[in-house]
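For the numbers below, each heavy atom of this structure counts, side chains included, while hydrogens, waters and symmetry mates do not. The sequence lines fix the lettering, A, B, ..., with proteins before strands; numbering per chain opens at 1. The structure displayed is predicted, hence computed values, not measured ones.
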Amino acid sequence: MKADQIDDVVKLLREAYRGFVEPVVTQVAKDKDPYKVLISTILSLRTKDETTLRASIRLFDIADNIYKLNELNEDEIERLIYPVGFYKTKAKNLKKIARIIIENYGGKIPDDLDELLKLPNVGRKTANLVLAKGFGKPAICVDIHVHRISNRLGLVDTKTPEETEFALSKILPKKYWIEFNDLLVPFGQNICRPISPFCSKCIISKYCKRKGVNKSR
DNA sequence: AAAACGGGGGC
DNA sequence: GCCCCAGTTTT
């Protein structure tokens, strides 16, 4: 895809974005607090948005910073975040993260990819979202929506999200890195769904290489 | 590369 | 009942 076509895709997605509900992490962390971005992103993994939203609000009402989170025990965290996916594992890891951040990083969420990746339950998707949304640093956050849609557009031809991140870093202008994920997630949830995508309502279908796939409507 | 982790909600 | 969900970790 040519550079001017990528510009057009972003422009069209920005217009469509206004009609969508914001991604849940963006809603919860409007103040761009890296702590809230990190924690709510972890809560969101394999979890529906509405569940993530409720859990995040409950947790941040009690613990809106890393020190307060550290004061909670595992059972308390479990009860606050239930029923997000893997809530027991996440409660355990959130507790660990609080301790690590306080002991090793002076209570500050690190703004470095490799350091973030050392935290339990933090992979590339979460780490890059923290960098992009929490610190405003150029980072490409590839979740399943970005991965799927980038391939449908022919922007990349990849099997795994990690490959997609690498491929996008070569062709996507840096000025779009931070917002790319925010644009594609609601688009992927509402229009460019995994199965039965609404191709007839798609504002970027002219750039799509897989129009009509998977029982599209 | 593939399975496991895990509970709620949609159909 | 079966399948999906802003992935990560382990095998």
Side-chain angles (χ1 to χ4, degrees), chain A residues 13 16-17 20-30 32-60 74-75 77-97 100 113-134 139-152 158-166 168 177-198 213-217:
Chain A
L13 286 173
Y17 181 87
F20 296 134
V21 176
E22 281 182 294
V24 62
V25 172
T26 309
Q27 292 180 50
V28 170
K30 276 221 179 296
K32 304 190 188 305
D33 176 358
Y35 163 78
K36 289 184 184 171
V37 176
L38 173 62
I39 303 303
S40 60
T41 300
I42 290 174
L43 295 182
S44 77
L45 306 181
R46 308 304 292 161
T47 304
K48 292 269 203 284
D49 277 3
E50 196 185 316
T51 309
T52 305
L53 189 56
R54 286 204 311 270
S56 299
I57 291 170
R58 275 202 304 274
L59 180 60
F60 293 153
E74 213 173 296
D75 286 347
I77 297 175
E78 247 184 52
R79 273 191 281 281
L80 287 167
I81 68 177
Y82 180 87
V84 299
F86 309 108
Y87 66 98
K88 287 180 183 169
T89 308
K90 286 175 182 173
K92 191 186 315 170
N93 285 328
L94 290 183
K95 181 72 181 155
K96 279 188 193 168
I97 286 175
I100 293 170
L113 181 63
D114 291 325
E115 298 303 316
L116 286 166
L117 289 174
K118 290 178 185 171
L119 300 172
N121 225 234
V122 175
R124 300 194 71 84
K125 183 256 178 180
T126 303
N128 278 312
L129 195 60
V130 170
L131 292 177
K133 305 298 292 182
I140 301 173
C141 172
V142 179
D143 58 29
I144 199 64
H145 296 295
V146 173
H147 177 61
R148 179 182 66 258
I149 298 167
S150 296
N151 274 283
R152 284 180 175 171
T158 54
K159 291 294 182 194
T160 68
E162 187 171 358
E163 291 174 62
T164 301
E165 184 193 328
F166 183 74
L168 282 178
W177 285 16
I178 293 177
E179 75 171 317
F180 199 61
N181 173 276
D182 257 2
L183 292 174
L184 290 199
V185 168
F187 179 66
Q189 292 168 331
N190 291 284
I191 305 291
C192 196
R193 306 186 302 186
I195 58 172
S196 301
F198 294 108
V213 296
N214 296 338
K215 305 173 186 168
S216 67
R217 301 181 184 179

Using atom [atom1] in both nucleotides, what's the gap between [N] and [M] to the nearest angstrom?
N       : M      : atom1 : result
dT9(C)  : dG8(B) : P     : 24 Å
dC4(C)  : dA3(B) : P     : 14 Å
dC11(B) : dA6(C) : P     : 15 Å

State which residues pass side chain to side chain contact (heavy atoms under 4.5 Å, CB included) with T158(A); sequence neighbours excluded, sorted by chain then number. H147(A), N151(A), V156(A), E163(A), T164(A), A167(A)
Any residue in residues 187-194 of chain A with a heavy atom nearer than 4.0 angstrom to DNA chain C? Just list them by number, or reply none. Q189(A), P194(A)
Below 3.5 Å between N/O atoms, which protein atoms pair up with nucleotides 9-11 of chain B? Just atom names and distances, please.
none

Residues 179-189 of chain A vs salt bridge (Lys or Arg N to Asp or Glu O under 4.0 Å), sequence neighbours excluded, gives R14(A)-E179(A), K133(A)-D182(A)
Pairs flagged by salt bridge (Lys or Arg N to Asp or Glu O under 4.0 Å) wherever residues 114-130 of chain A is involved - sequence neighbours left out: E115(A)-K118(A), R124(A)-E165(A)
Closest non-hydrogen contact found for L184(A) with H145(A) is O-CB, 4.0 Å
Nearest atoms (heavy-atom pairs only) where A132(A) meets A139(A): CB-O, 4.0 Å
For F187(A), enumerate each residue passing the ring-ring contact (aromatic ring centres under 6.0 Å, His included) test, keeping only those at least two apart in sequence or located in another chain. none
Using the ring-ring contact (aromatic ring centres under 6.0 Å, His included) criterion, which residues pair with F166(A)? Sequence neighbours excluded. none
Reading DNA chain B 5' to 3', what string of ( ), [ ], | and . shows its pairs, if Watson-Crick and G-U wobble pairs count only when both distances fall under 3.5 Å? |||||.|||||
Could you tell me whether [X] contacts a base, only the sugar-phosphate backbone, or nothing, with contacts defined as non-hydrogen atoms closer than 4.0 Å?
X       : answer
G123(A) : sugar-phosphate
T126(A) : sugar-phosphate
P23(A)  : base

Rounded to whole angstroms, how far apart are [atom1] on [X] and [atom2] on [N]?
X       : N      : atom1 : atom2 : result
E78(A)  : dG8(B) : CD    : P     : 13 Å
F86(A)  : dA4(B) : CZ    : P     : 12 Å
K159(A) : dA2(B) : NZ    : C1'   : 15 Å

With a 4.0 Å cut-off (strictly under) to non-hydrogen atoms of chain A, the first and last hit nts on DNA chain C, 5' to 3', are dC4(C) to dT9(C)
Looking at CH2 of W177(A) and CD1 of I140(A), how far apart are the two atoms once the value is rounded to the nearest 0.5 Å? 4.5 Å
Please list all pairs meeting ring pair (Phe, Tyr, Trp, His ring centres under 6.0 Å) that have one or both residues in residues 32-55 of chain A, counting only residues at least two apart or in different chains. Y35(A)-F60(A)
5'-most by nearest nucleotide on DNA chain C - H145(A) or V122(A): H145(A)
Position toward the 5' end of DNA chain C (nearest nucleotide), R148(A) or R124(A): R148(A)
Counting only heavy atoms not in E162(A) (residues, nucleotides, ligands), do more than 12 fall under 6.0 Å from its CD? no
Non-neighbouring partners of R193(A) that pass salt bridge (charged side-chain N to carboxylate O under 4.0 Å, His left out), sequence neighbours left out: none
Using the test salt bridge (charged side-chain N to carboxylate O under 4.0 Å, His left out), find all partners of K215(A) that sit at least two apart in sequence or belong to another chain. none
Between Q27(A) and D49(A), is there a side-chain donor-acceptor contact under 3.5 Å, judged purely by atom types and distance? no
Could you point out which residue of T47(A), T52(A), V122(A), L119(A) forms a side chain to side chain contact (heavy atoms under 4.5 Å, CB included) with I42(A)? V122(A)
